Amino acid sequence: LVAYAFLGPGLLLYLVFVIRPTIELFGMATFDWNGLSPIREFVGFDNFVKLFGDPQFWRAFVNNLLFLSILVTFNVVVGLVTASALARVGRGRLIFQLIFFLPVVQASIVTALVWRWIYAPDGLANAFLSSIGLDGITRGWLGDPSTALAALALAAAWSGFGLSVVIFMAGIQGIDQSLYDAAKVDGANTFQTFANVTVPQLRPVITVVLLLEMIGGFQTFDII
């Protein structure tokens with residue numbers, strides 16, 4: 001009874017503000033309605049048939065999967081490696097964590113404006129490439145269909161990278177130090193310790209970060 005008493009308020013809020021709107025949403029999808037008119041025509045599953053038969057829907061879906069793959073790879077793989085490296089830093093670790101976390105707390109519109117300037121034809125990305133003699137690959141990154149998707153995914157990954165690093169750092173700090181000591185005694189190098197101690201011990205944390213990135217990837221709207 002005590003457990004149900006604690007679960008009750010949260011469950012009630014979830015039912016009212018998540019489950020109920022979700023059910024109503026599917027109900028609305030069975031009508032031909034412009035969202036404003038008081039007249040609604042029931043069409044059953046016709047809207048879903050049109051949706052799944054629309055090539056634009058499938059193109060958008062595939063683009064979203066590509067976007068998601070870049071986002072997940074960058075924030076999970078690179079984030080885990082970065083967190084593992086930071087765990088070896090003694091003094092100044094908190095400063096690095098704050099630097100990585102800053103993009104997470106800033107407004108998404110600021111992130112979008114910063115990266116639009118970086119990707120502009122006269123922006124930072126092309127200026128850097130020109131400075132190292134790679135003028136041949138400079139372009140308007142957001143205006144080129146072959147690079148726009150990857151450019152957007154990189155900007156989105158950057159904005160959430162710090163959160164992944166902080167979560168992985170918290171997980172690494174919870175690993176029993178004796179496991180690292182045993183690996184050191186057995187003669188394991190840095191890579192072997194990372195692959196055989198850090199990664200297996202962080203499997204639950206990796207799952208959490210993976211789910212968060214997948215949810216964020218499918219909900220991406222503002223930065224685009």
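By convention here, the first residue in the shown sequence is residue 1. Quick note: numbers below take in every heavy atom, side chains included, and nothing from hydrogens, waters or symmetry partners. Given the structure is predicted, the values throughout are model-derived calculations rather than measurements.
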Under 4.5 Å between side-chain heavy atoms, hopping through other hydrophobics if needed: is there a path connecting [X] to [Y]?
| X | Y | result |
| --- | --- | --- |
| Val114 | Ile224 | yes |
| Val205 | Ile172 | yes |
| Val18 | Met28 | no |
| Leu142 | Leu71 | yes |
| Leu210 | Ile70 | no |

Side-chain heavy atoms of [X] within contact of [Y], under 4.5 Å:
| X | Y | answer |
| --- | --- | --- |
| Val72 | Met214 | yes |
| Ser130 | Thr138 | yes |
| Trp117 | Leu113 | no |
| Leu212 | Val208 | yes |
| Ile137 | Leu129 | yes |
| Val81 | Phe194 | yes |

As an exercise, state the distance from [atom1] of [X] to [atom2] of [Y], rounded to the nearest 0.5 Å.
| X | Y | atom1 | atom2 | result |
| --- | --- | --- | --- | --- |
| Phe101 | Leu98 | CZ | CG | 9.0 Å |
| Thr82 | Gln97 | OG1 | CD | 12.0 Å |
| Leu86 | Leu94 | CG | CG | 11.0 Å |
| Lys184 | Thr193 | NZ | OG1 | 10.0 Å |
| Leu211 | Ile215 | CG | CD1 | 6.0 Å |
| Asp176 | Asp181 | CG | CG | 8.5 Å |

Tell me the closest heavy-atom pair linking [X] and [Y], and the distance in Å.
| X | Y | result |
| --- | --- | --- |
| Asn34 | Ser37 | OD1-N, 2.7 Å |
| Phe31 | Val43 | C-CG2, 3.8 Å |
| Leu68 | Gly217 | CD1-CA, 3.7 Å |
| Pro121 | Gly140 | CG-CA, 4.2 Å |
| Ala195 | Pro200 | O-CD, 3.3 Å |

| Parallel, tilted or perpendicular: rings of Trp115 and Tyr119 (30°, 60°) | tilted
Could you pull out all residues at least two apart from [X] that satisfy side chain to side chain contact (heavy atoms under 4.5 Å, CB included)?
| X | value |
| --- | --- |
| Phe48 | Phe26, Ala29, Phe45, Phe52 |
| Asn189 | Phe191, Gln192 |
| Ala112 | Ile223 |
| Thr190 | Arg88 |

| task | Would you please name every residue forming a side-chain hydrogen bond (donor to acceptor under 3.5 Å, both in side chains) with Trp141, sequence neighbours left out? | result | Asn126
| request: Could you tell me which residues satisfy side-chain hydrogen bond (donor to acceptor under 3.5 Å, both in side chains) with Ser108, sequence neighbours excluded, listed by chain and number? | output: Asp222
How about [X]: does its [atom1] atom have over 12 heavy atoms from other parts shown lying under 6.0 Å from it?
| X | atom1 | result |
| --- | --- | --- |
| Ile39 | CD1 | no |
| Phe218 | CZ | yes |
| Ile95 | CD1 | no |

| message | I'd like to know whether Val199 forms a side-chain contact (heavy atoms from CB on, under 4.5 Å) with Ile206, so could you lay out the CA-CA distance, the side-chain angles of the two residues, the decisive distance to 0.1 Å, and finally the verdict. | response | CA-CA 8 Å; Val199 173; Ile206 293 173; 4.3 Å; yes
| said: Check whether Trp58 reaches the backbone of Val62 with its side chain - one donor and one acceptor, N or O, closer than 3.5 Å. | reply: no
| request: Report yes or no: does Thr207 contribute a side-chain atom to a donor-acceptor pair with the main-chain N or O of Arg203 at less than 3.5 Å? | output: yes
Is there any salt bridge (charged side-chain N to carboxylate O under 4.0 Å, His left out) pair reaching into [range], and which pairs are they, with sequence neighbours excluded?
| range | answer |
| --- | --- |
| residues 7-26 | Arg20-Glu24 |
| residues 27-37 | none |
| residues 99-122 | none |

Would you give me the side-chain donor-acceptor pairs under 3.5 Å for residues 149-171, sequence neighbours excluded?
residue: Ser159; atom: OG; partner: Ala156; partner atom: O; Å: 2.6
residue: Ser164; atom: OG; partner: Glu213; partner atom: OE2; Å: 3.1

| said: Using the salt bridge (charged side-chain N to carboxylate O under 4.0 Å, His left out) criterion, which residues pair with Arg139? Sequence neighbours excluded. | reply: Asp144
| request: Give the other cluster members for Val77, using side-chain heavy-atom distances under 4.5 Å between Ile, Leu, Val, Met, Phe, Trp and Tyr residues; answer none if it is isolated. | output: none
